[in-house]
> 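I have a structure here, written as structure tokens, and I will follow up with some questions on it.
Worth saying up front: this structure is predicted, and the values here are computed from it rather than measured. Just follow the structure's listing: the first ligand is 1, and inside any ligand the first atom is 1.
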Amino acid sequence: MNSSPFVNAHNYFELLKRWRVLCRKRGLKIERVINSDGYWVYQIKSPALFRQNGVYISAGIHGDEVGAVEGLLRWAEQKGPELASLPLLLYPCLNPWGMVGNSRYCQKGKDLNRMWGGDKNRLTSAIQDRLRDMRFRLILNLHEDYDARGIYLYELIRGQGTNSRAEGILQRAEGLIHRDTRNSIEGKKARDGIIRPRPRNFLPDELPEALYLFRNHTDQSYTLETPSELDLEVRANTQVQMIDTALSS
Ligand SMILES: [Zn+2]
């Protein structure tokens, strides 16, 4: 028998089981959002979450990025009793069909992270409905990249007195995985692993989750990326450190 914790890296039901155990232990509420491609998508709310000033974290919109999905769960497991006191809205896995089949896309072959604007689908519409009137102090979207040479992130911030958390997030995590130092990542200008995209450079038909949320629900958003060619254990633990630093800084 193989006792590696990652035997089940693509087992959605095992993932849900662990989340249910944790939610029961810490007093968080796990609820169905919508059935998408034959699997229920869930959201998790902490008792400290209200319509303003919450923290939104999602993972797994690209089904093949399991290090991010595992990282979010581990972070929550490791947080201890403090978890319930954080104002959390979590989407632990937005593309279960893709997770099970190790696919970036949904069953129709579309990228769910480009369907938050004009070209919506049932899942993204359902989430958007639930977020109506909500504002978040911080939003994290957890991703992985098979081309990446290290960790990097996208930062979207606005408003006076909003301090960048970008450097702190990368510094804390680079003990596990060094940062991607290329000047151009995914066709965008990058500096020391930080990409600050211009929000207007996106076509409405290709709107990603992070940008939709930044336009409508927050002044501070990070998309955190780990390189998916590296060992899953290290990637998951790196995600844990990045999430933890983002929330505590
Ligand atoms: Zn991704």
Side-chain angles (χ1 to χ4, degrees), residues 6 9-10 12 15 36-37 39 41 43 56-75 90-117 119-121 123-124 127 138-156 166 169-170 173 177 179-180 182 184-188 190 193-197 199 201-203 205-214 218 221-232 234-243 246:
F6 290 114
H10 292 276
Y12 185 55
L15 179 85
S36 178
D37 294 341
Y39 294 89
V41 172
Q43 70 176 21
Y56 173 115
I57 312 176
S58 75
I61 195 166
H62 294 137
D64 54 346
E65 297 171 3
V66 290
V69 171
E70 174 67 23
L72 178 55
L73 175 54
R74 277 189 191 196
W75 170 78
L90 308 177
Y91 289 93
C93 181
L94 285 173
N95 182 3
W97 183 88
M99 180 197 178
V100 172
N102 197 22
S103 167
R104 175 182 179 87
Y105 304 105
C106 70
Q107 194 171 23
K108 283 183 180 153
K110 291 196 170 185
D111 186 337
L112 292 169
N113 199 31
R114 296 291 181 272
M115 302 182 84
W116 293 74
D119 191 14
K120 283 183 199 155
N121 80 345
L123 171 69
T124 57
I127 293 172
L138 177 67
I139 289 183
L140 305 179
N141 302 122
L142 312 181
H143 283 259
E144 298 201 281
D145 177 356
Y146 58 83
D147 286 328
R149 312 265 172 89
I151 53 173
Y152 66 90
L153 58 79
Y154 295 84
E155 177 180 71
L156 293 162
I169 294 170
L170 293 174
I177 300 178
R179 65 178 97 185
D180 192 328
R182 289 174 293 161
S184 172
I185 300 175
E186 294 286 289
K188 292 177 187 69
I194 301 168
I195 302 168
R196 297 189 169 97
N201 286 356
F202 286 86
L203 300 171
D205 282 348
E206 296 182 350
L207 199 67
E209 179 188 12
L211 202 55
Y212 174 82
L213 296 172
F214 183 67
T218 192
S221 149
Y222 293 91
T223 299
L224 308 178
E225 302 266 1
T226 41
S228 55
E229 293 298 299
L230 294 185
D231 176 64
L232 188 49
V234 178
R235 286 148 49 201
N237 291 337
T238 304
Q239 291 273 351
V240 171
Q241 296 214 339
M242 291 201 287
I243 298 164

> Can you tell me if D64 and Y146 form a side-chain donor-acceptor pair at under 3.5 Å?
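No, Y146 and D64 have no side-chain donor paired with an acceptor closer than 3.5 Å.
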> For H62 and H143, take the angle between the two ring planes, folded into 0 to 90°, and tell me which bin it lands in: parallel under 30, tilted 30 to 60, perpendicular over 60.
perpendicular
> Applying ring-ring contact (aromatic ring centres under 6.0 Å, His included), name anything that partners Y222, two or more places apart in sequence or on another chain.
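By the ring-ring contact (aromatic ring centres under 6.0 Å, His included) rule, Y222 matches no residue at all.
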> Could you tally the protein N/O/S atoms lying less than 2.8 Å away from the Zn ion (ligand 1)?
4
> Between S36 and L123 (side chain of the first, backbone of the second, donor and acceptor by atom type, cut-off under 3.5 Å), is there such a pair?
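Flag not set: sc S36 to bb L123 has no pair under 3.5 Å.
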> Is R104 reaching over with its side chain to a backbone N or O of D111, donor-acceptor style, under 3.5 angstrom?
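It does not hold such a pair.
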> Does a side chain donor of either E186 or Y154 reach within less than 3.5 Å of an acceptor in the other side chain?
no
